*Asks:* 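I have a structure I would like to understand better, so I am pasting it below and will then ask my questions one at a time.
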Amino acid sequence: MTAFEGAPATLDPARSALVLVDLMDRIAALPLAPRSGEQVVATSRELAAAFRAAGATVVLVRVERPGVDTQPPGSGFVEGLAADGDLIVVKRTIGGFHRTGLHELLTGRGIDTLVFGGIATNLGVESTARAAADHGYELLFAEDAMAALTEDEHRAAVGLNFPRLGTVVTASAIGFG
């Protein structure tokens, strides 16, 4: 999808955070569309490096299954994604805000703009983004840093739902001013 390249999005690093959802080995290994988990992870790593270099916040959200003593193999973040200083959020529902303290972490840093990526576009990413919109954050969606279980699910979220919540862009359109 290149329809979202458009005008660059210039962010204030002090007020912006990158939120990457469920980039875990077992989830990135699933058959995904319109791009592979490996492609999503590569783009997400590049975005995270750019955010860190600008002094912006990186938030990594991962899911844990509630009520079990041990999480399934592959429940950690993909290798090379997390870095010192990143905010780590563990969720036990589809979205990253419910009972995680994410909103308090972000507001405590003065963040009012969120850029989203992750897997699956229409599940964890969309659920987290909807809650973020309810909290009043400005939202951007890095379309090429996301994938879903089917291309139709990805396209519905990106083409129909996300434009109602914020702005859909490519990762290369995101910069800092």
Side-chain angles (χ1 to χ4, degrees), residues 1-23 35 40-63 77 81-91 93-148 154-177:
M1 288 183 141
T2 57
F4 304 110
E5 290 178 6
T10 304
L11 304 176
D12 176 351
R15 297 175 50 201
S16 303
L18 174 64
V19 179
L20 298 173
V21 180
D22 292 337
L23 294 181
R35 60 194 53 85
V40 170
V41 168
T43 302
S44 296
R45 282 185 184 127
E46 291 173 12
L47 269 174
F51 270 67
R52 291 179 193 116
T57 299
V58 174
V59 180
L60 305 177
V61 179
R62 68 177 177 83
V63 66
F77 292 113
L81 183 64
D84 289 341
D86 292 350
L87 299 179
I88 306 297
V89 173
V90 176
K91 64 185 177 102
T93 61
I94 294 174
F97 277 91
H98 182 71
R99 295 185 178 174
T100 64
L102 178 55
H103 178 60
E104 293 75 16
L105 288 170
L106 296 170
T107 56
R109 291 176 174 234
I111 293 169
D112 60 15
T113 302
L114 304 179
V115 177
F116 281 96
I119 303 169
T121 311
N122 62 309
L123 296 170
V125 176
E126 186 171 336
S127 181
T128 305
R130 286 176 180 271
D134 288 344
H135 283 295
Y137 293 96
E138 294 293 323
L139 306 181
L140 283 91
F141 300 93
E143 186 278 331
D144 51 343
M146 297 180 208
H154 176 81
R155 289 189 188 279
V158 169
L160 299 174
N161 300 334
F162 291 168
R164 293 180 175 134
L165 302 173
T167 304
V168 179
V169 297
T170 59
S172 63
I174 298 169
F176 296 93

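Throughout, numbering of the chain's residues begins at 1 and tracks the sequence. A quick note: this is a predicted structure, and the numbers were derived from the prediction, not measured.
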*Asks:* Checking Ser127 side chain against Leu123 main chain: does a donor-acceptor pair fall under 3.5 Å?
*Replies:* no

*Asks:* State which residues pass side chain to side chain donor-acceptor pair (under 3.5 Å) with Ser16; sequence neighbours excluded, sorted by chain then number.
*Replies:* none

*Asks:* Side chain to side chain donor-acceptor pair (under 3.5 Å) with Asp112: which residues, sequence neighbours excluded?
*Replies:* Arg15

*Asks:* Under the side chain to side chain donor-acceptor pair (under 3.5 Å) test, which residues partner Arg130, sequence neighbours left out?
*Replies:* Glu126

*Asks:* With side-chain contact (heavy atoms from CB on, under 4.5 Å) as the criterion, how do Val19 and Val61 come out once you've worked through the C-alpha distance, each side chain's angles and the decisive distance to 0.1 Å?
*Replies:* CA-CA 7 Å; Val19 179; Val61 179; 4.0 Å; yes

*Asks:* When you compare the side chain of Phe77 with that of Ile88, does any pair of heavy atoms fall below 4.5 Å?
*Replies:* yes

*Asks:* With rounding to the nearest 0.5 Å, note down the distance linking OG1 in Thr57 to CG in Leu106.
*Replies:* 7.5 Å

*Asks:* Has the side chain of Asn122 got a donor or acceptor atom that lies under 3.5 Å from a matching backbone atom of Ala157?
*Replies:* no

*Asks:* If I compare all heavy atoms of Ala133 with all of Leu165, which pair ends up nearest, and what's the gap?
*Replies:* CB-CD2, 3.9 Å

*Asks:* Please determine whether side-chain contact (heavy atoms from CB on, under 4.5 Å) holds for the pair Lys91 and Leu102, giving the CA-CA distance in whole Å, both sets of side-chain angles, and the decisive distance to 0.1 Å.
*Replies:* CA-CA 10 Å; Lys91 64 185 177 102; Leu102 178 55; over 6 Å; no

*Asks:* Rounded to the nearest 0.5 Å, what separation is found between the OG atom of Ser44 and the CD1 atom of Ile119?
*Replies:* 7.5 Å

*Asks:* Where is the tightest heavy-atom contact between Ala14 and Ile111, given as atom of each residue plus distance?
*Replies:* O-CG1, 4.3 Å

*Asks:* For the backbone of Ala147 and the side chain of Thr121, can you confirm whether one donor and one acceptor N or O come within less than 3.5 Å of each other?
*Replies:* yes

*Asks:* What is the minimum heavy-atom distance between Ile174 and Ala142, and which atoms define it?
*Replies:* CD1-CB, 4.2 Å

*Asks:* Take Leu81 and Val41 through the side-chain contact (heavy atoms from CB on, under 4.5 Å) test and state the conclusion after the steps.
*Replies:* CA-CA 8 Å; Leu81 183 64; Val41 168; 5.6 Å; no

*Asks:* To the nearest 0.5 Å, what is the distance between CG (Asp134) and CZ (Phe97)?
*Replies:* 9.5 Å

*Asks:* If you look at every heavy atom in Pro13 and Ala54, which pair is closest and at what distance?
*Replies:* CB-O, 3.3 Å

*Asks:* Phe141: which residues meet the ring-ring contact (aromatic ring centres under 6.0 Å, His included) condition with it, sequence neighbours left out?
*Replies:* Phe116, Phe162

*Asks:* Per the salt bridge (charged side-chain N to carboxylate O under 4.0 Å, His left out) rule, what does the pair list look like for residues 47-62, sequence neighbours excluded?
*Replies:* Arg52-Asp86, Arg62-Glu64

*Asks:* Distance from Thr128 atom OG1 to Leu114 atom CG, nearest 0.5 Å?
*Replies:* 10.0 Å

*Asks:* Which atoms form the tightest heavy-atom contact between Ala171 and Asp144, and what is the distance?
*Replies:* N-OD1, 2.8 Å

*Asks:* Measuring from atom OG1 of Thr43 to atom CD of Glu143, what distance do you get when rounded to the nearest 0.5 angstrom?
*Replies:* 9.5 Å

*Asks:* I'd like to know whether Val115 forms a side-chain contact (heavy atoms from CB on, under 4.5 Å) with Phe51, so could you lay out the CA-CA distance, the side-chain angles of the two residues, the decisive distance to 0.1 Å, and finally the verdict.
*Replies:* CA-CA 10 Å; Val115 177; Phe51 270 67; 3.7 Å; yes

*Asks:* What are the two closest non-hydrogen atoms of Ala17 and Val59, and how far apart are they?
*Replies:* CB-CG2, 4.4 Å

*Asks:* When rounded to the nearest 0.5 angstrom, what distance separates CG in Leu18 from OG1 in Thr113?
*Replies:* 12.5 Å

*Asks:* With sequence neighbours excluded, give me every side-chain hydrogen bond (donor to acceptor under 3.5 Å, both in side chains) pair touching residues 98-108.
*Replies:* His103-Tyr137

